[in-house]
2 protein chains.
Amino acid sequence: MEFYQLQSFLTVAREGNLTKAAGLLHLSQSALSNQIKSLEGEVGTDLFQRMPRGMELSFAGRKLLSHAETAVRAMEDFGTAARGLGDNLSGRLSVGLNTDPSFLRIADLDSRMGAKFPLVDLEFLPSQTLATTSLLNGEVLDVGFRFGKSGDNGICEEWIADSRFPFMHCYPVTNRERCFKNQLLHIIFSFCCRKSVEFIFLLK
Amino acid sequence: MEFYQLQSFLTVAREGNLTKAAGLLHLSQSALSNQIKSLEGEVGTDLFQRMPRGMELSFAGRKLLSHAETAVRAMEDFGTAARGLGDNLSGRLSVGLNTDPSFLRIADLDSRMGAKFPLVDLEFLPSQTLATTSLLNGEVLDVGFRFGKSGDNGICEEWIADSRFPFMHCYPVTNRERCFKNQLLHIIFSFCCRKSVEFIFLLK
DNA sequence: GGAACTTACGCGTGTCGTAAGAATT
DNA sequence: AATTCTTACGACACGCGTAAGTTCC
């Protein structure tokens, strides 16, 4: 029984729909379906009733929902506490800009990052929407903006135009070597979350 | 950042010693070392000071300890709540006995299991200590007692002679098909935990 | 030498995504 | 036909253990 399973459980319960939940979690339907099934296996009971129109919490699911919520909140608290004392972060992070920096409010991002993380060196490079993907794959960029979906697999996309932008769920980079950058990206995501822009934040 | 990492963090912090913690968690030194290092990577700071005599919590580690404790407790609460409503468990579980059932207090175990899980069919089979391992591997037994260590890899052993028997940590079976039996084994473990016996409970 | 942790490396399990299947509207 | 969830399957990443390497007592 792992953290990600409980997160998935909550998301599916909240959305009442596996497909939508999978989208929010940046997961395929089948992967999420398997996660839930595996959790149900460990619990020993079904957590959802499979309806023709989606997933509805079962009796056991309703019973366990609050426990799952507190557990997930506690885990997230650990994460934020950890990130809170990471003020000694340092390093370089290359950000690709596909359009006018002022439109992307880069100055704002830069100053807020600089205030909070003086040792972090943000490097901004121009990168056309169509070039961003390959620059990410070539390790030239760590992260970048683009217009519209890329479709490239292995790259995590975040709509920053959507008001319900789930930046709590930006955990695409899991390999150990990138842990450092992961944290910075967490922070950048939280800065970049805004409602009125129609591009995508890319992360390999 | 996953549940097992926080459990490991707590155990190492409590023991102040990676080797001993690895034993309690049924893990190799190196695996645990990697877990801690990976967690430190995500957190962005060292959690321990590596002393010649063991691991000592760093400043950040002390700061995060309480958060980790509440998170782990919350996750465990979820697990116990889940197991609490699993009273409709049913199925068959084969238990190998290497010696006198009365010495193993099998009647006690059986009656308590029967009271709590009337649909669970416990099957007790004789199995010499030396035969138990192969019977487990041959899927004849699901679990069995033996004297002393087996040394067979892929089989999880639990000392039930030790008063500090960590039956909170019996999570060796992870593949999906065995989830059901996993739960029963959890329960059996909690029943079998006693202080004055000198054999080992085997679990493939 | 012994006890501690880290690093290197091959292996296996589990999770992922793609794609096809089943059920319902 | 469209939407939903499940199943099958190949692929890859991650965590594991063994064993060698380092450091300190």
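Order of the sequence lines sets the chain letters (A, B, ...), proteins ahead of strands, with each chain counted from 1. As the structure is a computational prediction, the values presented were derived from the model and not from experiment.
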**OP:** Would you indicate what A:Met51 reaches in the nucleic acid, counting non-hydrogen atoms under 4.0 angstrom: base, sugar-phosphate, or nothing?
**Re:**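 Since no nucleic acid heavy atom lies under 4.0 Å of A:Met51, the category is nothing.
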Original post:
Within the structure shown, what part of the strands sits under 4.0 Å from A:Thr19 by heavy-atom distance: base, sugar-phosphate, or nothing?
Top reply: sugar-phosphate
Whole angstrom value for the distance that separates [atom2] of [N] from [atom1] of [X]:
X	N	atom1	atom2	value
A:Glu2	D:dC14	CD	C1'	13 Å
B:Gln35	D:dG17	CD	C1'	13 Å
A:Glu56	C:dT24	CD	P	16 Å
A:Leu25	C:dG17	CG	P	11 Å
B:Gln7	D:dG15	CD	P	15 Å
A:Phe3	C:dT15	CZ	P	16 Å
A:Leu39	D:dT6	CG	P	13 Å
B:Met55	D:dC24	CE	C1'	16 Å

Original post:
Does A:Asn17 put a side-chain nitrogen or oxygen below 4.0 Å from OP1 or OP2 of D:dC5?
Top reply: yes
Original post:
Under 4.0 Å between a side-chain N or O of B:Arg53 and OP1 or OP2 of D:dC25?
Top reply: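 Answer is no, no contact under 4.0 Å.
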Subject >> 5'-most by nearest nucleotide on DNA chain C - A:Gln5 or A:Gln29 >> reply: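 Upstream on the strand: A:Gln5.
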Original post:
Is any N or O donor-acceptor pair between the side chain of B:Ser33 and the base of C:dT7 shorter than 3.5 Å?
Top reply: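 Side chain to base: no pair below 3.5 Å.
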Original post:
Below 3.5 Å, does any donor atom in the side chain of A:Ser28 face an acceptor in the base of C:dT18, or the other way round?
Top reply: no
Where the side chain of [X] is concerned, which of [options] is the nearest nucleotide?
X	options	result
B:Leu27	D:dC25, D:dG17, C:dT6	D:dG17
B:Ser30	D:dG17, C:dA3, C:dT15	D:dG17
A:Arg50	C:dT15, D:dC5, C:dT7	D:dC5

**OP:** Taking all heavy atoms of A:Asp46 and all of A:Ala60, pick out the closest pair and write down the distance.
**Re:** O-CB, 3.9 Å
Subject >> Heavy-atom pair with the smallest gap, counting every atom of B:Phe78 and A:Leu64 >> reply: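 Shortest heavy-atom separation between B:Phe78 and A:Leu64 comes out as CE1-O, 3.7 Å.
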Original post:
Is the number of heavy atoms from other residues, nucleotides or ligands under 6.0 Å of B:Leu125 CG greater than 12?
Top reply: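 Yes.
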Original post:
Does B:Phe3 offer a backbone N or O that forms a donor-acceptor pair with the side chain of A:Glu2 under 3.5 Å?
Top reply: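 Yes, the answer is positive, given that a donor and an acceptor are paired below the 3.5 Å cut-off.
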Subject >> A:Met55 side chain reached by A:Gln49 side chain, heavy atoms, under 4.5 Å >> reply: no
Subject >> Comparing A:Ala31 and B:Leu32 on DNA chain D - which has the more 5′ nearest nucleotide >> reply: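 Closer to the 5' end of DNA chain D: A:Ala31.
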